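The structure appears below as structure tokens.
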Amino acid sequence: MSGPDAYVMLLSSLPHHGALTRTKQTPLSRLRLNARLKVLAPEDAEALGLVEDLLSWELVQKLGSDAEVVRRAKQTMARLDSPFLKEILRQRLELRTMVAALRRRRRGLPAPRSGEIWGFGRWTNHIAHNWGDSAFGLARVFPWAREADRLIKEDDAYGFERLILEEVWRDLGRAGEGHTFDFEAVVVYVLRWNVVERWTAYNEATAKERFVGLVEAGMSQAGDLFGEAANG
Amino acid sequence: MNELVIALGWTGIYGVMALSAIGSVIGCTLAGQSAIGAMLDTDGGYGRYLGVSVMPSSNIIYGIVVMFTLNREVTAENAGALFGIGVFAGIALLYAGLMQGRCCASAINASKEKPEVFGVSLAPAAIVEGFAVFVFVFALVISGGAPQ
């Protein structure tokens, strides 16, 4: 692991993210980010790659089952030396476990059976034992859980996504405190970049959906209008 | 024993300059790297970044002046004073240079994104500079009491 000032130049060359929910696009393209990240020491680049791979949304889709994702997470954790990276991963995967539990309950499924591999971290058994509670008995650990439960029950996908991404954003901010020009600061920057990308892509998808909806609504009204005009 | 005491005296005389030089080297390197990084992300104001990045170089100037003030014939009577003043002033100036470099790097990083905070962002570096000036001035004052 590199020293506290190992990446002064790299971090000074990266534009600031700004506030998550006000951002319209990533501060720089992935292509440019990758070009800047070439100054990382090989071992740091490898560690960052492992973390990014494990946290990528594509990996969950590729691996398919929860058990496979958990197995991959344990493999990655074992390969990492840095307690900072392990803590970031643990925090994120536990958050995903909570989200998975909320979604599972929303679909009307029962609590996971004992021995079933469905989530990662310290709270899987606790969640299963407190399936009836809106925050699975973890409101103190995850203060956002009740709000997330309310949003998911109301099928407010946009609000839910926003809440979760904001929480991830805050967690990364807390993890990055005290790290200004070191590898840890680079990791926090890149992971926040991924969150911004996810958020802006989600916004874009929502905007497209809304646009299509408006067009369809407009077309149907236009049909009526023409009908009325024809009748008139 | 006497030779060791004399050697310590010379260590104090030259040490203050060498240690403050190390501080300036590290400080200017950190701030300079930040300036170069900022240049990659901006289209102007390069001179300003470079100007800030040389701020930690003042520490070696203080070190040189203290060295010349301490420079005299080293005897068993004055060697202890020369060692104490030189080495401790040097360590303080080294640390000031290093920390000032970090302050300057952060100032460059912040003012790149918000040019309006350029002046304010230099306040921490200026405060560190103030402490380095204390070290410098009192090293001169105290060295006046060391036997010639």
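Here is how names work: the chains are called A, B, and so on, in the same order as the sequence lines, proteins then strands, and each is numbered from 1. Computed from a prediction, not measured in an experiment: that's the story for all the values here.
Judged by a 6.0 Å distance limit and a 45° cone about the ring axis, B:Arg48 is positioned over the six-membered ring of B:Phe118.
With a threshold of 4.5 angstrom between heavy atoms, B:Thr29 does not approach chain A through any atom at all. For chain A, the nearby parts of B:Leu30 are the backbone and the side chain; heavy atoms of each come within less than 4.5 Å. Neither the backbone nor the side chain of A:Leu28 has a heavy atom closer than 4.5 Å to any heavy atom of chain B.
In plain terms, the two heavy atoms of B:Asn59 and B:Ala96 that are nearest each other are OD1-CB, 3.7 Å.
Residues B:Asn78 and B:Arg72 meet the side-chain proximity criterion, which asks for heavy atoms closer than 4.5 Å.
Contact count against chain A (heavy-atom pairs under 4.5 Å) is highest for B:Ala38 among B:Ala38, B:Gly101, B:Ala110. Each of A:Thr180, A:Leu10, A:Leu14 has some count of heavy-atom pairs under 4.5 Å with chain B, and the biggest count is that of A:Leu14.
Contact check on A:Arg30 versus A:Glu197 returns no salt bridge, with no Lys/Arg side-chain nitrogen under 4.0 Å from an Asp/Glu carboxylate oxygen.
For A:Phe84, the CZ atom is densely surrounded, since the number of other residues' heavy atoms within 6.0 Å is greater than 12.
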